[in-house]
Number of protein chains: 2
Amino acid sequence: MDKCNAKNLLVSKKLKVTKQRQLILERIIGRQGIFTVNSLYTKLEDEIDLVTIYRVISIFEEKGIIREVLSNYEEKRYELACIHNPVHPHFNCSVCNELFCLEAVSDNLIKLLQENISDYLVKDISIQFKGICKKCLENNLT
Amino acid sequence: MDKCNAKNLLVSKKLKVTKQRQLILERIIGRQGIFTVNSLYTKLEDEIDLVTIYRVISIFEEKGIIREVLSNYEEKRYELACIHNPVHPHFNCSVCNELFCLEAVSDNLIKLLQENISDYLVKDISIQFKGICKKCLENNLT
DNA sequence: AAAATATATGCAACTTACTTGCAATTAGAA
DNA sequence: TTCTAATTGCAAGTAAGTTGCATATATTTT
């Protein structure tokens, strides 16, 4: 998967380039997965205040740099929202409780899903599967 | 839409039939839609403590009487999970911020969605559309 | 039908994710 | 380099949801 450049991305979104924003965005781009504010704080707590991370994440979401992932966890979950990471379904394992990213669904299938919905203007679709992941199946933790 | 009987449902799930559980379940069955703990409390606060509602809802979920709806609201959302209310997609309007229930998706389409997912044992699918509902479109609140 | 017992409830206090106010700091413009 | 507006960090605050414990109540046992 290709990667974006943190500083360029900030500039292109007309955001001031601060040390904190760069560090946070570099980490998000570098790790390419689902994250929480606390998962960022764990790695950056020597350099950035927790409140700052909340505020930066909020701004990143507004600017479309990241998107919130639909989930029922207590902590909000996010993922990078650049062209290299198109909207895709997620899988929540009920044994290890992990949330995995899956391959994007074909446009055709998305169209089929939307066909019934005439009363609404659809802008976005979230799909989440629930079940047991391969690792947990193999470990007989069912 | 057919309706269940609150007391029978409690007995069939081997739950003690208390006044509080009956009141809560009757309201859930009677209103047939998405609800939060606080929406129940607003209507029942003279008769039931908030903590009791939290505990009853938690038990109802464990027993499969209700299911949690996947959403990014601060308050958890639930819906009745009986045979009269099969799993179905939801629509979240970004203008009025309401969450609507949609018709269930055909088994065929669900199968197509699952086809790519070989590494996982799928038990459940949540689909949520985001966009603008008819009412808000008509009101030009876009 | 009454007593026993196991479970449910209500209240108070707690936890935790997230937010807000405000003074100090810093990025980018002038 | 100076100025100004935006950002940050700290302290304190919210609000959804949880826990401990004494009291009350549904169901079982006698």
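As the structure is a prediction and not an experimental result, all values here were calculated from the model.
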Chain A footprint on DNA chain D, 5' to 3' - any atom under 4.0 Å from a heavy atom: dA5(D) to dA11(D)
Please list all pairs passing the ring-ring contact (aromatic ring centres under 6.0 Å, His included) test where one or both residues lie in residues 30-67 of chain B, with sequence neighbours left out. Phe35(B)-Tyr78(B)
Are any side-chain N or O atoms of [X] and backbone N or O atoms of [Y], one a donor and one an acceptor, separated by less than 3.5 Å?
X        : Y         : answer
Ser94(A) : Gly131(A) : yes
Thr36(B) : Arg77(B)  : no
Asn92(A) : Leu99(A)  : no

Nucleotide dT9(C), atom P - distance to CD of Glu45(B) in whole Å: 18 Å
Quick one: Glu62(B) CD to dT7(C) C1', roughly how many Å, whole number? 14 Å
Any pair with a residue in residues 100-118 of chain A that passes salt bridge (Lys or Arg N to Asp or Glu O under 4.0 Å), sequence neighbours left out, goes on the list, sorted by first then second residue, please. none
Residue pairs, two or more places apart or on separate chains, that pass salt bridge (Lys or Arg N to Asp or Glu O under 4.0 Å) and touch residues 55-65 of chain B: none
Could you list the residues that satisfy ring pair (Phe, Tyr, Trp, His ring centres under 6.0 Å) with Tyr120(A), not counting sequence neighbours? Phe91(B), Phe100(B)
Please tabulate, for the side chains in residues 14-28 of chain A, all donor-acceptor contacts under 3.5 angstrom to protein atoms that are two or more places apart in sequence or on a different chain.
{"residue": "Thr18(A)", "atom": "OG1", "partner": "Arg21(A)", "partner atom": "N", "Å": "3.1"}
{"residue": "Arg21(A)", "atom": "NH1", "partner": "Lys16(A)", "partner atom": "O", "Å": "3.0"}

State, to the nearest 10°, the angle formed by the axis through the first five base pairs of the helix from dA1(C)-dT30(D) to dA30(C)-dT1(D) and the axis through its last five. 30°
Could I get a table of every N or O pair under 3.5 Å where one atom is in the protein and the other is in nucleotides 17-20 of chain C?
{"residue": "dC18(C)", "atom": "OP1", "partner": "Lys76(A)", "partner atom": "N", "Å": "2.9"}
{"residue": "dC18(C)", "atom": "OP2", "partner": "Tyr54(A)", "partner atom": "OH", "Å": "3.1"}

Contacts of type salt bridge (Lys or Arg N to Asp or Glu O under 4.0 Å), residue Lys134(B), not counting sequence neighbours: Asp119(A)
Quick one: salt bridge (Lys or Arg N to Asp or Glu O under 4.0 Å) partners of Arg67(A), sequence neighbours excluded? Glu79(A)
Nonpolar side-chain network containing Ile83(B), other nodes, edges under 4.5 Å: none
Mind listing the residues from residues 5-27 of chain A sitting with a heavy atom below 4.0 Å of DNA chain D? Number order is fine. Lys16(A), Thr18(A), Gln20(A), Arg21(A)
Work out which heavy atom in Leu9(B) is nearest to a heavy atom in Cys4(B); give both atom names and the distance. CD2-CB, 4.3 Å
Taking all atoms of both residues into account, what is the closest heavy-atom pair of Ile132(B) and Cys93(B), and its distance? CA-SG, 3.9 Å
